[in-house]
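To start, the structure itself, in structure tokens.
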There are 2 protein chains.
Amino acid sequence: MSSMTIGKLSAATRVKVTTIRYYESIGLLDEPDRSASGQRLYGDTAVERLGFIRHARDLGFPVPAIRELISLQVEPSWDCAVVDQIARRQLGEVRRRLTQLEALEAELKRMITACEGGKIACCSVLAALGHHEQCLHEEHAGKEVLAARPSN
Amino acid sequence: MSSMTIGKLSAATRVKVTTIRYYESIGLLDEPDRSASGQRLYGDTAVERLGFIRHARDLGFPVPAIRELISLQVEPSWDCAVVDQIARRQLGEVRRRLTQLEALEAELKRMITACEGGKIACCSVLAALGHHEQCLHEEHAGKEVLAARPSN
DNA sequence: TCTACAGTCTACAGTAACTGTAGAGGCAAG
DNA sequence: CTTGCCTCTACAGTTACTGTAGACTGTAGA
């Protein structure tokens with residue numbers, strides 16, 4: 001199978017057809033050969049290249065970084081340290097997001113645990129989000145309850 | 001300080017001026033009063049509302065969810081379960097992203113550890129990303145470490 | 001062969017949640 | 001009065017795609 005249409009390439013890489021054309025438009029993929037009627041025809045190198053792009057995107061690398069990685073592949077005599085640095089930068093970014101998300105999870109969990117029914121006027125979720133609360137007399141109200149209860 | 005310009009509101013809430021105007025344009029913030037010359041003048045309720053929005057955004061709530069939460073605040077006699085459900089949905093989303101990021105962190109760490117200098121032709125980072133490798137003395141992990149892809 | 005239908009083409013608009021810019025006018029301090 | 005920052009509107013740009021319209025192509029079945 002030395003030559004496949006865009007749909008086959010899409011199926012082979014699980015990248016949508018429109019996305020493949022988009023990658024071509026921004027120069028991540030080379031312009032492929034065309035059939036007599038103008039349809040794109042791809043070879044096996046396109047499958048590899050696109051798989052590379054997809055995997056890098058899955059790992060969260062932004063398009064400019066992928067562009068850089070591809071250019072390094074094309075010029076493979078350079079030092080590995082450049083690639084390593086890009087990967088480290090990406091790892092730092094992932095860890096930063098990870099820390100942030102862990103804090104979010106904790107806060108959301110706390111919010112939900114405290115919310116045991118009742119009216120919205122006293123809802124702890126809204127309270128935790130900054131709602132100025134008025135219901136000091138009701139049992140489901142307030143940040144005191146929120147702070148006092150352990151999370152599950 | 002019952003009346004402040006958009007710059008003061010921005011400083012008070014750490015939300016950029018342009019973002020405040022954007023929130024107004026999409027109906028998250030009410031249109032404020034204006035001075036004789038047309039400048040926006042905000043009261044303390046705007047600080048509260050904007051703080052609520054910013055906090056919810058920090059927690060990753062999408063704008064439509066925030067819109068919903070605000071409408072619930074305005075009609076506070078409804079049941080708290082609706083708010084609870086929005087928060088739970090958000091928690092699920094956060095946990096999903098968390099799991100994904102943890103897998104990414106592991107893979108990036110592995111990639112970087114394996115990359116101990118040398119030429120790009122043999123770089124394990126590029127290899128892990130799908131580069132067709134010529135360095136047969138090393139066996140790298142396959143592409144399918146991450147089965148969880150958000151869409152498509 | 002005809003016909004139905006899936007696949008492909010280009011070009012452009014839309015998405016989320018903002019950010020940035022241009023060009024004009026406003027306001028307070030020195 | 002001038003300097004310099006603040007604010008105004010309106011619109012374009014960002015990222016990484018996704019969706020749509022309208023036309024053409026390729027293929028399988030009757």
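Per chain, numbering begins at 1; letters A, B, ... match sequence-line order.
- Comparing B/Thr18 and B/Pro62 by the nucleotide of DNA chain C whose heavy atom lies nearest to each, the residue mapping closer to the 5' end is B/Pro62.
- Under the 3.5 Å distance criterion, the side-chain polar atoms of A/Ser10 are matched with a main-chain donor or acceptor of A/Val15.
- For B/Val63 against B/Leu28, the heavy-atom pair with the smallest separation is CG1-CD1, 4.0 Å.
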Scoring nucleotides 8-14 of chain C by protein non-hydrogen atoms under 4.0 Å (B base, S sugar-phosphate only, - none) yields SSB----

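- Regarding B/Tyr42, its OH atom lies at a distance of 11 Å from the C1' atom of D/dT7, rounded to whole Å.
- Mapping A/Tyr22 and A/Ser35 onto DNA chain D by nearest heavy atom places A/Tyr22 at the nucleotide closer to the 5' end.
- Computed from coordinates, the A/Ile20 CD1 to D/dA16 P distance equals 18 Å when rounded to whole Å.
- We find that CG of A/Leu28 is positioned 13 Å from C1' of D/dT15, with the value rounded to whole Å.
- Going from atom CD of A/Glu24 over to atom P of D/dA16 covers 18 Å, rounded to whole Å.
- Going from atom CZ of A/Arg54 over to atom C1' of D/dC17 covers 16 Å, rounded to whole Å.
- Taking atom NZ of A/Lys16 as the reference point, atom P of D/dT20 lies 11 Å away to the nearest angstrom.
- The CG atom of B/Asp33 sits 13 Å away from the P atom of D/dC8 (whole-angstrom rounding).
- Across the strands present, D/dG29 finds its partner in C/dC2; the criterion is a Watson-Crick or G-U wobble pair with both atom distances under 3.5 angstrom.
- Between B/Tyr23 and C/dC18, a side-chain N or O to OP1/OP2 separation shorter than 4.0 Å is present.
- Nearest heavy-atom pair, B/Thr13 versus B/Gly51, reported as atom, atom and distance to 0.1 Å: CG2-N, 4.4 Å.
- Of all heavy-atom pairs spanning A/Leu9 and A/Met4, the tightest one is N-CE, 3.7 Å.
- Between atom CG of residue B/Leu29 and atom CZ of residue B/Arg21 there is a gap of 12.5 Å, rounded to the nearest 0.5 Å.
- Remark: C1' of C/dC18 and CG of B/Leu29 are 14 Å apart, rounded to the nearest angstrom.
- Open room surrounds CG on B/Asp33; 12 or fewer heavy atoms of other groups in view lie less than 6.0 Å from it.
- Side-chain heavy atoms closer than 4.5 Å link hydrophobic residues (I, L, V, M, F, W, Y) into clusters, and following such links, possibly through other members, connects A/Tyr22 to A/Phe52.
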